[in-house]
Amino acid sequence: MKRREFLKLSAILGAGTAAPGFLTGCSPPPLPGTGAVETSPTVCNICFWRCAGTVYQENGEPWKVVGNPEDLHSMGRLCTRGTGGLGSYLDPDRLRQPMLRVERNGRQTFQPVSWDEALDFIAERMRGIAEQHGEDRLCLFSHGVGGSHFRKLLASFGSRGYAQPSFAQCRGPRDVGFALTFGEGVGSPDRTDMEHSRCIVLIGSHLGENLHNGQVQTWIQALEKQATVITVDPRFSVAAGKSKHWLPIRPGTDMALLLAWMHVLINEGLYDADYIARYATGFEQLAAHVQPFSPEWAFLETGISAAKIRETAREMAHHAPASLVHPGRHVTWYGDDTQRSRAIAILNALLGSWGRKGGFYNQEKVDLPDYPTPEAPKPRSDWQAVVQKDFPLAPSGITNAIIDASIGPDAFFKGWFVYGTNLPFTIPDSARNLEAAAQSLDLFVVIDTMPAEITGYADVVLPECTYLERIDPIRNSPERNPSLAVSMPAFEPRHETKPAWWMAKQLAERLDLGRYFPWDDYAEVVDWQLQQVGSSLEEMQRLGVKNFPRTTPMYFTPGQSVEFFTESGKIELYSAMLAGFGQDPMPVYTRPERPEPGYFHLNYGRAPAHTFGRTINNPQLFELMPENAVWVNPLVANELGLNSGDYVRLKNQDGVISNRVRVRVTERIRPDSVYIVHGFGHTDARQRLAAGRGADDNGLMTRILVDPIMGGTGMRGNFVTLISEEYTA
Ligand SMILES: Nc1nc2c(c(=O)[nH]1)N[C@H]1C(S)=C(S)[C@@H](COP(=O)(O)OP(=O)(O)OC[C@H]3O[C@@H](n4cnc5c(=O)[nH]c(N)nc54)[C@H](O)[C@@H]3O)O[C@H]1N2
Ligand SMILES: Nc1nc2c(c(=O)[nH]1)N[C@H]1C(S)=C(S)[C@@H](COP(=O)(O)OP(=O)(O)OC[C@H]3O[C@@H](n4cnc5c(=O)[nH]c(N)nc54)[C@H](O)[C@@H]3O)O[C@H]1N2
Ligand code: SF4
Ligand SMILES: [Mo]
């Protein structure tokens with residue numbers, strides 16, 4: 001529009017009309033949009049999909065962040081949240097300087113301190129822990145790329161304790177379930193080949209609200225090509241609205257549906273017999289196992305008619321192998337989650353979709369060497385064997401197990417580093433345990449950008465600058481097309497904030513571990529790595545993203561013999577390994593508990609404008625969605641005399657009461673459930689926009705259903721009732 005106006009003006013000028021003074025004068029006032037523009041490459045850090053983009057500034061002022069058109073991983077676009085990324089830099093409530101817990105007039109408070117004071121304090125406590133208990137007693141909770149610097153620091157010190165909430169609170173069960181079946185996990189980004197799928201089955205995956213960018217776009221491509229979508233969700237999600245079949249399942253009964261689908265595929269001979277004969281083991285046992293689970297049986301459990309179960313199973317088979325039963329991502333639901341993920345994996349095996357076009361493809365990443373540094377010392381203990389002995393099949397750290405192993409005088413862990421994870425909002429039933437751990441630990445360090453609730457437990461708070469103000473490790477995600485992307489500082493760090501790499505290096509030097517961090521600036525590491533693959537920081541500063549050719553096929557070739565990374569080398573429909581660990585070798589259905597009268601299943605999920613609780617205070621994203629609402633079915637609303645917009649509080653089965661939250665009366669939720677978007681209900685008043693807005697699902701999850709295989713925290717066994725609250729706004 002602006003451009004056209006300008007052209008019109010030049011036409012007038014060309015026609016000999018006297019030019020207005022500001023066009024002929026020697027010192028024109030700057031016009032908007034004509035200032036000096038600078039750009040720098042970035043990798044979005046608002047969620048963990050890691051889309052590449054470009055940051056624009058004009059006359060040194062932040063202007064916008066947009067997608068990098070060369071980035072195949074994001075298809076050149078940022079999502080709503082990524083576009084609002086500047087808000088994380090501009091947020092006036094950010095942490096500004098290091099803070100130390102001190103005692104003043106008999107009360108504890110945080111005192112702003114210099115970096116030297118904060119880092120000296122931490123180094124001294126680390127030494128103290130090493131002397132008293134051993135150098136292996138520290139652990140890191142981390143979610144985000146910068147955590148790798150602290151992981152390196154702790155490893156060089158002698159501690160390997162490590163956990164991310166993306167395992168035990170998120171996708172751990174699916175990765176273990178798929179690994180037990182196919183010998184490999186689904187990975188992140190997920191290896192789903194939706195752009196080529198002819199049929200997509202979504203079990204709770206609420207794509208469209210879950211806005212993992214590239215994945216949502218491939219799903220939309222499938223929709224545009226008229227792929228059949230079958231959505232299983234007790235809520236009429238955005239995805240359900242785009243589906244041919246919506247199966248509004250009774251919460252927690254998915255396993256019954258999955259077993260019935262297998263029953264139909266096997267009993268009607270619709271499974272991929274060649275694929276199973278060639279690649280799988282345990283088919284006989286599976287066929288016998290699913291006999292009792294007819295669609296008629298499953299109807300009584302799930303509420304989905306037998307006819308619908310048969311129709312959808314046949315449709316999946318019709319499109320196989322381009323039929324993808326999506327593995328989901330946040331799958332810590334009812335405690336039998338690894339088994340449900342196994343059931344999904346087995347169903348995919350029956351459809352022959354693993355390794356096939358439109359199913360699961362083989363990913364590739366760039367073979368990028370690590371910067372050479374000395375090898376970290378061998379730790380004096382195997383912390384996993386101590387802390388996670390009940391879950392020998394967990395390949396990764398279990399956040400909740402580490403918290404438990406940090407409480408009391410005999411606890412294994414004595415010091416915590418918490419990087420970019422707001423544990424009180426992230427780990428269900430953690431409030432009591434975090435308090436107890438904080439009392440027991442000798443050192444509690446939080447590295448965050450915001451005054452998140454977790455900072456309230458810390459001895460020391462280290463303020464990190466945002467991704468827009470620092471250089472991050474190179475993005476090298478496994479994908480369809482291998483690619484590298486770099487994230488360079490667009491702005492100087494505000495206030496006294498610093499990047500994680502700087503903090504880790506400073507600590508290392510104080511601990512005589514400087515040899516593990518042999519660089520002055522992390523940019524040297526990035527440049528060295530890029531040089532090894534024929535690029536450089538200078539080139540990447542211009543390009544942002546570089547794509548590399550694939551070297552292996554995306555799919556199995558017809559008749560290819562494949563060695564799977566399982567014990568048998570085959571796809572394991574029957575898992576001898578599970579049997580060996582005293583677990584069911586094939587998935588078994590357990591009927592979930594139902595709510596007492598007056599109570600509802602507490603259902604929760606994502607909204608497009610936010611990532612967990614971490615963006616609520618971002619001024620640009622807050623504006624899009626300042627609070628959540630509790631979805632209530634009209635039948636329930638009528639009975640309780642509630643209208644949309646009324647305030648209520650949610651009270652759970654253990655008497656925990658939420659913040660007040662508005663009601664949204666909608667047919668889109670079943671009468672036995674209510675639904676809220678996760679991440680709201682912040683309590684720290686220093687987050688001035690977010691504090692007190694909406695309700696926090698996590699606080700209401702005082703009952704967790706622990707997965708016996710991998711230790712994940714099933715969160716969907718909580719029930720709430722609604723307490724009305726006078727409308728006061
Ligand atoms: N009740 C409930 N619990 C859940 C979920 C749920 O839906 N409901 N979802 C689960 C899932 S799927 C996941 S993956 C996890 C996610 O769990 P988390 O990753 O812990 O999510 P957040 O609570 O948003 O915490 C992120 C923290 O990182 C900080 N941060 C943001 N950017 C930076 C940065 O650049 N540097 C540093 N140092 N800090 C930064 C934020 O300020 C915030 O305090 O939560 C799990 N827990
Ligand atoms: N905008 C945005 N997008 C995100 C994120 C974000 O924070 N914001 N986080 C990302 C992350 S880390 C993750 S792990 C994913 C999580 O997103 P997904 O893995 O897609 O979904 P879930 O969180 O497991 O489940 C939410 C859906 O499950 C449905 N559901 C509830 N109970 C049941 C049940 O018993 N059976 C079935 N079949 N469905 C049920 C809910 O109604 C809801 O639609 O989203 C990712 N994408
Ligand atoms: S999906 Fe959105 S928020 Fe996540 S990295 Fe990409 S642009 Fe950023
Ligand atoms: Mo997640």
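Indexing begins at 1, ligand by ligand and atom by atom, following the structure's order. The shown structure was predicted, so the numbers you read here are calculated from the model rather than taken from an experiment.
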Original post:
Does ligand 1 have any atom that is closer than 4.0 Å to a heavy atom of Thr449?
Top reply: yes
Just by distance, no angles: are the side chains of [X] and [Y] close enough, under 3.5 Å, to form a donor-acceptor pair?
{"X": "Thr312", "Y": "Trp261", "result": "yes"}
{"X": "Asp654", "Y": "Thr702", "result": "yes"}
{"X": "Thr332", "Y": "Gln169", "result": "no"}
{"X": "Arg614", "Y": "Ser88", "result": "no"}
{"X": "Gln339", "Y": "Asp707", "result": "no"}
{"X": "Glu469", "Y": "Thr466", "result": "yes"}
{"X": "Thr455", "Y": "Asp448", "result": "no"}

Enumerated ligand 1 atoms positioned under 4.0 Å from heavy atoms of [X]:
{"X": "Met701", "answer": "1 (N)"}
{"X": "Ala452", "answer": "44 (O)"}
{"X": "Met450", "answer": "42 (O)"}
{"X": "Asn698", "answer": "1 (N), 2 (C), 3 (N)"}
{"X": "Phe425", "answer": "3 (N)"}
{"X": "Arg470", "answer": "34 (C), 35 (O), 36 (N)"}

Subject >> Non-neighbouring partners of Pro424 that pass side-chain contact (heavy atoms from CB on, under 4.5 Å), sequence neighbours left out >> reply: Asn422, Leu434, Glu453, Ile454, Tyr457
Original post:
So does Arg50 pair up with Asp472, basic N to acidic O under 4.0 Å?
Top reply: no
Original post:
Where on Tyr419 is there a heavy atom closer than 4.0 Å to ligand 1, on the side chain, on the backbone, on both, or on neither?
Top reply: side chain
Original post:
Taking atom CZ of Arg668 as the centre, does the number of heavy atoms from other residues, nucleotides or ligands within less than 6.0 Å exceed 12?
Top reply: yes
**OP:** May I ask you to check if ligand 1 and Asn422 share an N or O to N or O distance below 3.5 Å?
**Re:** yes
**OP:** Using distance alone, determine whether Thr466 and ligand 1 share an N or O pair under 3.5 Å.
**Re:** no
**OP:** Decide salt bridge (Lys or Arg N to Asp or Glu O under 4.0 Å) for Arg591 and Glu301; before the verdict, give the C-alpha distance in whole Å, the side-chain angles of both, and the deciding distance to 0.1 Å.
**Re:** CA-CA 8 Å; Arg591 186 176 293 165; Glu301 297 301 322; 2.6 Å; yes
Subject >> His330 ring center near Tyr604 ring center (under 6.0 Å) >> reply: yes
Original post:
Can we call the ring centroids of His212 and Phe48 under 6.0 Å apart?
Top reply: no
Original post:
If you draw the axis of the six-membered ring of Tyr334, does the NZ or CZ of Arg340 fall within 45° of it and under 6.0 Å from the ring centre?
Top reply: no
Original post:
How close does the nearest protein non-hydrogen atom get to atom 5 (S) of ligand 3, and which residue and atom is it?
Top reply: Arg50 N, 3.3 Å
Considering only distance and modelled atom types, tabulate donor-acceptor pairs under 3.5 Å from the side chains of residues 490-498, sequence neighbours left out.
from	atom 1	to	atom 2	distance (Å)
Arg494	NH1	Tyr89	O	2.8
Arg494	NH1	Leu90	O	3.3
Thr497	OG1	Arg494	O	2.7

Original post:
Measuring from each atom of ligand 2, which residues have a heavy atom under 4.0 Å away?
Top reply: Arg81, Cys170, Ile203, Gly204, Ser205, His206, Glu209, Asn210, Leu211, His212, Val232, Asp233, Pro234, Arg235, Ile249, Pro251, Gly252, Asp254, Arg329, His330, Trp333, Tyr334, Asn603, Tyr604, Arg606, Ala607, Pro608, His610, Thr611, Phe612, Arg716
Original post:
Leaving out waters, which are not shown anyway, how many protein N, O or S atoms lie closer than 2.8 Å to atom 2 (Fe) of ligand 3?
Top reply: 1
